[in-house]
Amino acid sequence: MKIKITFPDGSSKEYDKGITPLQIAKGISKGLANEILSARLNEREVDLTHKIEADATILFHKFRDEEGKKVYWHSTAHIMAQAVKRLYPDVKIAIGPAIENGFYYDFDKNTPFSDSDLKKIEEEMRKIIDENFYFERREISRDKALETFERFGENYKIELINELPVGETISIYVQGDFVDLCRGPHLISTNKVKAFKLLKVSGAYWRGDEKNKMLQRIYGISFPTEKEMQTYLKKLEEAEKRDHRKLGKQLDLFGFYNEVGAGLVHWHPKAGLIRNIIEDFWKKEHYKAGYDIVYTPHIGKANLWQTSGHLDFYSENMYAPMKIDEQDYYIKPMNCPFHIMIYKSKLRSYRELPIKYAELGTVYRYERSGVLHGLMRVRGFTQDDAHIFCTPSQLENEVVKLLDFSMFFLKAFGFENFEIFLSTKPDKAVGKDEDWEKATKSLKKALDISKLPYKIDPGEGVFYGPKIDIKIKDALDRAWQCTTIQFDFNLPERFDMTYIGEDNSEHRPFMIHRALLGSLERFFGVLIEHYAGNFPLWLAPVQVEVIPISENHFGYAKKILNDLQEQDIRTKINLENEKIGYKIREAENEKIPYMIIIGDKEVENQNISVRKHLNGNLGAFQLNEFIEKLKREIEQKK
RNA sequence: GCUCAUGUAGCUCAGUCGGUAGAGCACCUCCUUGGUAAGGAGGAGGUCACCGGUUCAAUCCCGGUCGUGAGCUCCA
């Protein structure tokens with residue numbers, strides 16, 4: 001019997017029934033057969049040894065494909081589990097999937113794995129790879145599966161089997177002395193794994209539920225070549241060097257103090273200066289874009305938060321109230337109720353809309369201690385918040401403007417790559433279905449008009465309305481949530497907000513919450529990592545350092561310092577009793593964008609010698625020529 | 001919040017199998033006046049996170065608190 005196999009390019013070929021993807025690949029080229037890891041048969045990902053019984057389309061997956069990586073990493077997870085079972089027979093295995101970068105496997109073990117355990121496991125894995133077991137797939141009945149894992153005492157696997165839907169094929173993979181319940185597919189055999197490393201151990205709840213037992217999760221990664229492994233480890237190292245917590249300390253940007261409390265940021269002078277620049281820029285642009293800037297209190301009465309629904313829906317993130325004149329006041333976790341108060345302070349006409357209130361509003365939210373993370377996750381932060389109140393017909397256009405405004409800001413800070421998500425109605429939600437549909441449609445249309453590519457995140461909207469989130473990708477391609485644009489059905493209703501329409505009757509305004517940078521704290525953290533601490537000239541706390549070579553040059557150097565400062569260039573001078581190399585090293589370490597070296601030559605020629613951070617000597621400049629250059633760069637935000 | 005790890009000088013880190021601690025850098029003083037990433041010498045600096053317990057004796061062992069890290073969970 002012959003079957004017809006169709007290839008991705010549309011060509012097709014006949015083969016004997018029962019042929020495997022591997023055999024097909026071998027027929028094409030030995031190199032291909034060597035490189036492929038799995039195959040997609042029609043819509044299904046299969047082992048390379050899968051016997052093909054009918055006509056099908058085929059697509060081979062290599063390591064560079066997502067699917068190939070998954071198979072590779074998942075198989076490595078199995079090898080790790082086998083090693084663990086060999087070394088610690090009493091350990092129960094849970095699940096071991098491939099993840100974005102590598103894989104993990106969860107184990108139930110009474111005592112925690114130590115670093116030396118990881119070493120031992122790695123050694124055992126190497127043996128298993130050398131022994132080169134096949135990953136052998138077997139499809140078995142439910143009863144047989146239950147019996148098998150009961151025999152091994154693998155209660156987690158039994159729980160999984162019991163939850164598989166009736167009629168689902170149950171497959172196990174056998175590699176030597178190790179058997180695992182697994183859908184597959186897998187590599188052909190264990191020695192396909194060439195380079196691997198176990199990276200860390202941590203606790204993880206069974207099935208991700210904190211009511212369940214905490215298991216021990218071992219993370220690892222693997223690659224087809226040692227070189228790729230090294231490249232990956234290098235990238236991890238690079239990320240570590242850029243860690244904003246580390247750079248924050250090195251560059252003296254910000255700090256957290258035990259005496260004050262966890263998750264509460266102190267912006268040191270240099271960061272304060274940068275923040276000030278960001279805020280000035282932000283305010284200027286908001287006025288230009290038709291926003292009104294407001295300031296509102298940090299606390300408000302319980303009743304306000306009752307009306308807004310925060311006490312019902314958000315209280316776990318709010319701090320305990322304080323008593324003032326026998327009344328409970330809460331510190332604000334959000335700014336919206338205050339902006340609504342301003343809106344409601346008088347009767348509004350449709351002619352005034354849209355009204356846009358913007359505020360750099362500092363809010364406090366309770367975050368569980370374990371989730372705090374540098375500037376990225378804190379307990380007190382400043383949102384670059386705004387609320388837009390508009391008529392239904394204005395909604396779409398306002399969202400288009402918002403998307404444009406957001407892109408303008410993010411690009412100004414050097415971000416070029418984004419991930420955009422549209423989140424739709426969750427299970428638990430307020431508002432009518434048809435309103436949701438309308439609002440979601442408007443957001444979608446705005447995205448289409450803005451020609452921004454986006455993904456839909458079904459059911460991930462907030463309970464009060466659909467939203468658009470924009471994540472920025474930093475220099476290392478990591479995504480950070482910044483912009484969020486959220487439609488709100490809830491608050492205008494709760495606060496009974498109205499405006500008088502053309503028809504002389506009351507209408508309910510639409511409301512949008514939005515933050516573009518997100519929070520200044522997180523955004524600053526992302527900025528630090530994105531630029532690796534090398535801030536662009538317009539943001540650099542010190543833009544130029546003047547470095548005289550010896551005492552003889554102090555006079556001229558001070559004059560240069562003065563001239564630059566008069567031109568609003570943030571300049572400092574190094575009058576230390578040190579050699580030039582030492583002073584340059586200090587300035588380089590501080591990541592100051594430009595250094596001006598002043599020695600005999602410069603005094604004599606009445607010019608300056610310029611050195612650029614990370615680039616070295618740029619040679620001689622006339623001072624005003626250099627100032628022009630700086631101003632140009634500042635203007636261009638480079 | 002949970003699991004594990006962790007907290008020693010301003011920073012990065014040694015160290016003590018229980019007898020009150022050490023390096024490099026930074027800081028201060030002096031010498032040196034040096035041309036594009038570390039010149040030399042000397043000095044000062046620590047209740048070893050905090051609170052209890054065990055002990056003749058605790059920075060070290062035990063318990064708790066606080067902080068930090070990696071994850072889990074959470075994230076309007």
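Letters A, B, ... mirror the listed sequences (proteins, then strands); counts begin at 1.
Annotation: B:U6 and B:C61 have their P atoms spaced 10 Å apart (nearest Å). A gap of 14 Å separates the C1' atoms of B:A44 and B:C30, to the nearest Å. Between the C1' atoms of B:A26 and B:A9, the separation comes to 11 Å (whole Å). Spacing between B:G64 and B:C2 at atom P, rounded to whole Å, works out to 11 Å. Here the separation of B:G46 from B:A41, taken at their C1' atoms, is 25 Å to the nearest Å. B:U55 and B:C60 are spaced 13 Å apart, taking the C1' atom of each and rounding to whole Å. Separation of the C1' atoms belonging to B:G10 and B:G45 is 10 Å when rounded to the nearest angstrom. B:A23 and B:C48 are spaced 16 Å apart, taking the C1' atom of each and rounding to whole Å.
Spacing between atom CD of A:E576 and atom C1' of B:G39 amounts to 14 Å, rounded to whole angstrom units. Going from atom CD1 of A:I580 over to atom P of B:G39 covers 11 Å, rounded to whole Å. For the pair A:H553 NE2 and B:G35 C1', the interatomic distance rounds to 9 Å; values are reported in whole Å. The separation between A:K579 atom NZ and B:C31 atom C1' is 13 Å, rounded to whole Å. When rounded to the nearest whole Å, the span between CG of A:N258 and P of B:U65 equals 14 Å. One atom, NE2 of A:H268, and another, C1' of B:G10, lie 11 Å apart when rounded to the nearest Å. Protein atom CD1 of A:I549 is 14 Å distant from nucleotide atom P of B:G39, rounded to whole Å. Across the protein-nucleic acid pair, A:K211 atom NZ and B:G1 atom C1' stand 13 Å apart, rounded to whole Å.
Residue contacts for A:T484: at a heavy-atom cut-off of 4.0 Å it reaches no nucleic acid atom on any strand shown. When heavy atoms are screened at a 4.0 angstrom cut-off, A:E578 is found touching base atoms of the nucleic acid. At a threshold of 4.0 angstrom between heavy atoms, the contacts of A:G616 with the nucleic acid are absent.
Ring pair A:Y319/A:Y366 is perpendicular by interplanar angle, where above 60° counts as perpendicular and below 30° as parallel.
Residues of residues 582-590 of chain A having a heavy atom closer than 4.0 Å to RNA chain B, listed by number: A:Y582, A:I584, A:R585, A:E588, A:N589.
Here A:F421 and A:Y454 keep their ring centres 6.0 angstrom or further from each other.
At least one side-chain heavy atom of A:K120 sits under 4.5 Å from a side-chain heavy atom of A:Y88. Looking at A:N317 and A:P333, their side chains never come closer than 4.5 Å, going by heavy atoms from C-beta outward. Side-chain contact between A:P354 and A:F389 is absent, with no heavy-atom pair separated by less than 4.5 Å. Taking 4.5 Å as the limit, some side-chain heavy atom of A:N534 sits within range of a side-chain heavy atom of A:L614. Within the 4.5 Å cutoff, the side chain of A:R365 has heavy atoms near those of the A:F381 side chain. The shortest distance between side-chain heavy atoms of A:H373 and A:R245 falls below 4.5 Å.
Taking a pair as Watson-Crick or G-U with both hydrogen-bonding distances under 3.5 Å, the stems of three or more pairs touching RNA chain B are B:1-7 with B:66-72, B:10-13 with B:22-25, B:27-31 with B:39-43, B:49-53 with B:61-65.
Under a cutoff of 6.0 Å and an axis angle of 45°, A:K332 and A:F338 form a cation-pi pair. Because its NZ or CZ atom is not both nearer than 6.0 Å to the ring centre of A:Y156 and within 45° of the ring axis, A:K92 does not count as a cation-pi partner of that residue.
Side-chain contact check for A:W480 and A:E529: no donor-acceptor pair (N or O, by modelled atom type) lies under 3.5 Å.
A:R494 places a side-chain N or O within donor-acceptor distance of the main-chain N or O of A:T307, the cut-off being under 3.5 Å.
Phosphate contact (OP1/OP2 of B:U36, side-chain N/O of A:K612, threshold under 4.0 Å): absent.
Each of A:Q383, A:H387, A:H339 was scored for a side chain to side chain donor-acceptor pair (under 3.5 Å) with A:E359, with one residue passing: A:H339.
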Exercise. Mark up nucleotides 68-76 of chain B, 5' to 3', with B wherever a protein heavy atom is under 4.0 angstrom from a base atom, S wherever such an atom reaches only the sugar-phosphate, and - elsewhere.
Key: SSSBBBBBB
